Amino acid sequence: MPHEPPVESPRSLDDAYRLLEGGNDWRPIAGGTDVMVQITGELGEPPERLLDVWHLDELRGISVQDGRLVLGALTTYTEIRRSAECQEFLPALCEAAATIGAAQIQNRGTIGGNIVNASPAGDTLPVLLAADAEFALGGPRGERTVAARDFWVAYRRTARADDELLLRVVVPLPAERRMRFRKVGTRRAQAISKVVMSLAYRPDAGVWRDVRVALGSIADRPVRLRETESVLEGAAARETTADHAAAVLGREIQPIDDVRSTADYRRVVSARILHRLLREEGGW
Ligand SMILES: Cc1cc2nc3c(=O)[nH]c(=O)nc-3n(C[C@H](O)[C@H](O)[C@H](O)COP(=O)(O)OP(=O)(O)OC[C@H]3O[C@@H](n4cnc5c(N)ncnc54)[C@H](O)[C@@H]3O)c2cc1C
């Protein structure tokens with residue numbers, strides 16, 4: 001039998017916090033594009049009761065404040081794609097949003113849902129990791145901020161407590177940072193990633209600086225590749241550096257084998273993506 005859990009739809013954050021304060025195993029639901037797939041119980045435990053956050057205006061909006069891009073947790077992929085702020089300051093996120101599902105999912109799916117769902121294949125997650133994003137969480141016990149690098153703690157597990165909502169995503173916008181995004185799936189739309197990568201760096205007189213390489217779909221959670229980054233950091237932007245970095249990446253990652261791809265494929269493709277992004281950025 002399909003499970004039909006009770007739903008509460010608070011109209012303000014205060015009302016949502018009052019519900020969360022009472023315990024009861026609330027499962028937030030935003031766009032529902034992940035939760036509704038889980039509701040039949042065929043994919044693990046279905047939710048006991050749902051806290052519908054869709055009407056919480058406090059979780060909406062995109063703005064640039066003090067050199068940071070701020071996105072409400074309920075920002076949909078369509079809103080990201082259409083946002084002048086995102087296009088100007090974080091185009092890699094627009095590119096990621098454009099690869100997610102198809103129009104129906106992009107109209108309803110939210111960045112907050114992608115983050116909290118914590119799938120290792122979540123397409124925005126490597127972008128947020130590479131961009132040093134921070135997540136504002138709030139609940140009856142107050143607000144706090146968690147860095148993206150500390151948020152995904154294990155397979156589909158996050159640093160969010162049961163009584164917390166994700167409120168906002170805050171992305172610092174350092175001058176001259178460049179970012180790239182690349183996703184490889186079985187086809188161009190409605191494809192879950194086999195490999196998804198984001199690269200961030202600052203060009204500095206022919207040298208890579210502040211390098212971040214983040215990968216999804218290869219481990220139990222999205223990961224930063226610290227060894228590969230250290231090869232690139234301060235190195236000359238030329239082909240031999242890219243060759244070296246791609247080789248180190250191939251040794252650094254321990255990809256998974258699963259229904260979507262093999263470990264070998266993921267290793268080879270991840271190294272090639274990095275090499276290609278570096279080549280395109282280096283212009284050789
Ligand atoms: C056909 C299809 C195609 C898809 N394609 C892709 C794809 O290409 N790439 C990709 O990355 N994903 C894809 N997805 C997955 C999904 O669309 C995304 O993960 C989406 O961002 C989820 O957002 P949502 O608002 O629908 O989340 P929901 O389903 O509402 O929630 C997801 C999880 O986040 C929690 N949650 C949501 N909002 C909050 C909040 N504010 N505070 C606390 N917890 C919260 C929920 O409790 C739940 O655990 C696809 C899904 C479908 C059905």
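All values reported here derive from a predicted model rather than from experimental measurement. We count residues from 1, following the sequence as given. Each ligand, and each atom within it, is numbered from 1 in the order the structure gives.
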* Sub-3.5 Å N/O-N/O distance, M36 and ligand 1 -> no
* Atoms of ligand 1, numbered as shown, that sit under 4.0 Å from any heavy atom of A30 -> 25 (O), 30 (O), 37 (C), 38 (N)
* Do me a favour and list the nearest non-hydrogen protein atom to atom 1 (C) of ligand 1 with residue, atom name and distance? => Q190 OE1, 3.6 Å
* Which is it for T124 and ligand 1 at heavy atoms under 4.0 Å: side chain, backbone, both or neither? -> neither
* To do: Would you give the length of the straight line joining atom CZ of R182 to atom CG of L274, rounded to the nearest 0.5 angstrom?
  => 11.0 Å
* Over 12 foreign heavy atoms within 6.0 Å of CZ, R49 -> yes
* Asked: Any side-chain heavy-atom pair from R27 and Q38 closer than 4.5 angstrom?
  -> yes
* To do: Answer yes or no for Q104: is there a heavy-atom contact with ligand 1 below 4.0 Å?
  => no
* Measuring from the heavy atoms of L51, does anything fall under 4.0 Å of ligand 1? -> no
* To do: Give yes or no for whether the N/O distance cutoff of 3.5 Å, strictly under, is met between E164 and ligand 1.
  => no
* State whether the side chain of K183 and the backbone N or O of T99 hold a donor-acceptor pair below 3.5 Å, judged by distance alone. => yes
* Starting at OG1 of T124, measure out to CZ of F181 and round the result to the nearest 0.5 Å. => 9.0 Å
* Structure fact -> Under 4.0 Å between heavy atoms, the region of I29 that gets near ligand 1 turns out to be both
* Under 6.0 Å from the CZ atom of R238, do we count more than 12 heavy atoms belonging to anything else shown? -> no
* Ligand-residue contact atoms, ligand 1 with I105, heavy atoms, under 4.0 Å -> 1 (C), 2 (C), 3 (C), 17 (O), 52 (C), 53 (C)
* Asked: For ligand 1, which atoms have a heavy atom of G101 less than 4.0 angstrom away?
  -> 3 (C), 5 (N), 6 (C), 7 (C), 8 (O)
* Please identify which atoms of ligand 1 are closer than 4.0 Å to at least one heavy atom of T110. => 20 (C), 21 (O), 23 (O), 24 (P), 25 (O)
* Any N/O pair V35/ligand 1 closer than 3.5 Å -> yes
* Asked: So, are E143 and R168 salt-bridged, with charged N and O less than 4.0 Å apart?
  -> yes
* Structure fact -> shortest atom 27 (O) of ligand 1-to-protein heavy-atom contact is with G113 CA, 3.4 Å
* To do: Decide, yes or no, whether a salt bridge links E176 with R209 under the criterion of side-chain N to carboxylate O below 4.0 Å.
  => no
* **Residues D210, R177: salt bridge by 4.0 Å N-O rule** => no
* Asked: Is the closest protein non-hydrogen atom to atom 14 (N) of ligand 1 under 4.0 Å?
  -> no
* For ligand 1, which atoms have a heavy atom of L165 less than 4.0 angstrom away? -> 42 (N), 43 (C)
* **Backbone of A121 reached by a side-chain donor or acceptor of S119 within 3.5 Å** => yes
* Asked: With only distance considered, is G112 within less than 3.5 Å of ligand 1 through an N or O on each side?
  -> no
* Do L278 and L199 come within less than 4.5 Å of each other through their side chains, counting heavy atoms only? -> yes
* Does M197 belong to the same Ile/Leu/Val/Met/Phe/Trp/Tyr cluster as I100, with side-chain heavy atoms less than 4.5 Å apart forming each link? -> no
* With heavy atoms of T99 as the reference, note each atom of ligand 1 found under 4.0 Å away. => 8 (O)
* Would you say A191 touches ligand 1, if touching means a heavy atom closer than 4.0 Å? -> yes
* Evaluate the side-chain proximity of Y265 to V184: yes if any heavy-atom separation is below 4.5 Å, no if none is. => yes
* To do: May I ask you to check if ligand 1 and A73 share an N or O to N or O distance below 3.5 Å?
  => no
* Any luck finding a side-chain donor-acceptor pair between E134 and T145 under 3.5 Å? -> no
* To do: Would you mind running through ligand 1 and noting each atom that sits below 4.0 Å from a heavy atom of N114?
  => 10 (C), 11 (O), 12 (N), 18 (C), 19 (O), 21 (O), 22 (C), 23 (O)
* To do: Using a 4.0 Å heavy-atom cut-off, say whether Q106 meets ligand 1 through its side chain, its backbone, both or neither.
  => neither
* Can you find an N/O atom of G31 closer than 3.5 Å to an N/O atom of ligand 1? -> yes
* Residue and atom name of the nearest protein heavy atom (relative to atom 11 (O) of ligand 1), distance in Å to one decimal -> D123 N, 2.9 Å
* Asked: When you measure from the side chain of R224 to the backbone N and O of R212, does any donor-acceptor pair fall under 3.5 Å?
  -> no
* May I ask you to identify the nearest protein heavy atom to atom 42 (N) of ligand 1, giving residue, atom name and distance to one decimal place in Å? => L166 N, 2.8 Å
* Write out the residue and atom name of the closest protein heavy atom to atom 46 (C) of ligand 1, then the distance separating them to 0.1 Å. => P28 O, 3.0 Å
* Asked: Numbering the atoms of ligand 1 from 1, which are under 4.0 Å from a heavy atom of T33?
  -> 16 (C), 17 (O), 18 (C), 20 (C), 22 (C), 23 (O), 24 (P), 26 (O), 29 (O), 53 (C)
